[in-house]
Amino acid sequence: MADASFEEIAAALYSGPPGEFVAARKARADEAGGELASRILALRKPSIAAWVVNVFAHERAAQLGEALRLAGELREAQDDLDAAALAKLGRERRVLTRRLAEMAADVAGSRGERITPATLDAVQSSISAAFFDTAAAGAVASGRLIRALEPSGTAEDVRDSVAGDIPDVDSMAEQPPDELQQRRERREADRRVVASERELAVAEKKLAARAKALRALQAKVEELSETESELEAELARVRDEAAHVERDIAPATAEHAAAVEQVDAARSAAADARAAREAL
């Protein structure tokens with residue numbers, strides 16, 4: 001396999017038996033010769049946790065690739081989720097990464113290696129890192145991990161944990177591009193539905209408030225209309241009473257004038273009587 005690339009040779013070495021790594025590395029370097037041999041001899045022996053991940057990537061490539069594609073879609077979708085949905089997603093992600101880690105441990109254990117709880121945790125940590133970061137996903141899928149990854153690791157940490165170049169996960173995908181595009185379009189359609197439903201909820205809330213205000217105004221109009229009718233009836237009654245009063249003014253005025261004349265006549269008569277008495 002002298003025509004194999006450095007990455008292919010590294011992947012084969014890193015998924016081989018850990019106890020035979022040094023001897024296998026030397027043998028592959030001798031086969032390659034030249035500058036490639038120097039690069040092969042410079043390969044560091046992977047940790048047991050990294051080896052478990054590499055074996056899983058080698059023997060369960062399709063299964064791991066599907067999980068990593070799902071992780072990529074979840075990363076894209078989580079920007080549209082609320083706090084409760086994000087919390088649920090986090091729980092489901094932890095369950096999935098634990099299940100994958102246990103599967104990887106089973107595959108590696110079938111080769112005769114003892115997988116300790118600490119190693120299993122490190123394997124899960126590496127898979128979790130792949131779920132959170134595309135570069136880490138490429139590192140895990142490459143099958144060339146040197147040491148376990150941490151979800152909080154930097155880009156430099158990821159780079160230093162891989163032998164050779166880190167592949168692009170999307171370029172490794174076996175999923176047909178049109179199907180991937182369909183998923184993205186469905187996800188975008190889902191985003192639009194969620195956005196439109198939110199807008200609808202806001203519009204319905206505003207409509208309910210406007211309807212309540214309208215009902216209050218309509219009730220006020222009815223109340224004012226009733227008051228107007230009552231006032232108009234009272235005004236008609238007052239006008240009718242005023243008309244009657246106006247009709248009574250002329251006779252009352254005449255009677256008042258006659259009474260004045262009578263008073264004046266009585267006063268004159270009284271004056272005459274007093275004068276006659278005094279004349280006696």
Just by distance, do the side chain of [X] and the backbone of [Y] share a donor-acceptor pair under 3.5 Å?
{"X": "S161", "Y": "D157", "answer": "yes"}
{"X": "R25", "Y": "L43", "answer": "yes"}
{"X": "E8", "Y": "S5", "answer": "yes"}
{"X": "R144", "Y": "A10", "answer": "no"}
{"X": "R147", "Y": "A49", "answer": "no"}

Find the distance between [atom1] ([X]) and [atom2] ([Y]) and round it off to the nearest 0.5 Å.
{"X": "E230", "Y": "E232", "atom1": "CD", "atom2": "CD", "value": "11.0 Å"}
{"X": "I115", "Y": "I48", "atom1": "CD1", "atom2": "CD1", "value": "7.0 Å"}
{"X": "L100", "Y": "L68", "atom1": "CG", "atom2": "CG", "value": "8.0 Å"}
{"X": "M103", "Y": "L64", "atom1": "CE", "atom2": "CG", "value": "9.5 Å"}

Using the test side-chain contact (heavy atoms from CB on, under 4.5 Å), find all partners of [X] that sit at least two apart in sequence or belong to another chain.
{"X": "A29", "value": "A37, I40, L41"}
{"X": "E59", "value": "V55, V107, R111"}
{"X": "E226", "value": "none"}

Item to complete: Determine the minimum heavy-atom distance between V140 and L145, stating which atoms define it.
Response: CG2-CD1, 4.3 Å
Worksheet item: Which atoms form the tightest heavy-atom contact between D133 and A136, and what is the distance?
Response: OD2-N, 2.9 Å
Discussion item. Are L13 and L36 linked, directly or through intermediate hydrophobic residues, by side-chain heavy-atom contacts shorter than 4.5 Å (ILVMFWY only)?
Written reply: yes
Worksheet item: Same hydrophobic cluster for L96 and V52, using side-chain heavy-atom links shorter than 4.5 Å among ILVMFWY?
Response: yes
Worksheet item: Does any non-hydrogen side-chain atom of L235 lie less than 4.5 Å from one of L231?
Response: no
Discussion item. Could you tell me if the side chain of P18 sits less than 4.5 Å from the side chain of E113, heavy atoms only?
Written reply: yes
Worksheet item: How would you list, by chain and number, every residue that makes a salt bridge (charged side-chain N to carboxylate O under 4.0 Å, His left out) with D106, sequence neighbours excluded?
Response: none
Fill in: Results of side chain to side chain donor-acceptor pair (under 3.5 Å) for D30 - residues two or more places apart only
K26
Worksheet entry | Contacts of type side chain to side chain donor-acceptor pair (under 3.5 Å), residue S15, not counting sequence neighbours | none
Practice prompt. Please list, chain by chain and in numerical order, all residues satisfying ring-ring contact (aromatic ring centres under 6.0 Å, His included) with F6, sequence neighbours excluded.
Written response: none
Validation: residues 240-247 side-chain donor-acceptor distances under 3.5 Å, sequence neighbours left out:
from, atom 1, to, atom 2, distance (Å)
E241, OE1, R237, NH1, 3.1
H244, ND1, D240, O, 2.8
H244, ND1, R247, NH2, 3.2
H244, NE2, R247, NH2, 2.8

Atom pairs and distances, side-chain donor-acceptor, residues 202-223, under 3.5 Å, sequence neighbours left out:
none

Practice prompt. Determine, stepwise, if the pair E66 / R69 fulfils salt bridge (Lys or Arg N to Asp or Glu O under 4.0 Å).
Written response: CA-CA 5 Å; E66 180 61 28; R69 283 192 293 274; 2.9 Å; yes
Discussion item. Does I166 form a side-chain contact (heavy atoms from CB on, under 4.5 Å) with S142? I'd like the steps, not just the answer.
Written reply: CA-CA 7 Å; I166 299 177; S142 73; over 6 Å; no
Worksheet item: Is the shortest distance from a Lys or Arg side-chain nitrogen in R28 or E31 to a carboxylate oxygen in the other one below 4.0 Å?
Response: yes
Worksheet item: When you look at H58 and Y14, which way does the side-chain contact (heavy atoms from CB on, under 4.5 Å) test go after all the steps?
Response: CA-CA 10 Å; H58 179 72; Y14 280 164; over 6 Å; no
Output side-chain donor-acceptor pairs under 3.5 Å for residues 122-131, partner residues at least two apart or in another chain, one line each.
from, atom 1, to, atom 2, distance (Å)
Q124, OE1, R98, NH1, 2.7
Q124, NE2, T97, OG1, 3.4
S125, OG, L149, O, 2.7
S125, OG, E150, OE1, 3.2
S126, OG, A122, O, 3.1
S126, OG, L149, N, 2.9
S128, OG, Q124, O, 2.9

Worksheet item: Which residue pairs pass the side-chain hydrogen bond (donor to acceptor under 3.5 Å, both in side chains) test with at least one member in residues 263-280, sequence neighbours excluded?
Response: none
Practice prompt. Name all pairs fulfilling the side-chain hydrogen bond (donor to acceptor under 3.5 Å, both in side chains) condition that reach into residues 35-55, sequence neighbours left out, sorted by first residue then second.
Written response: none
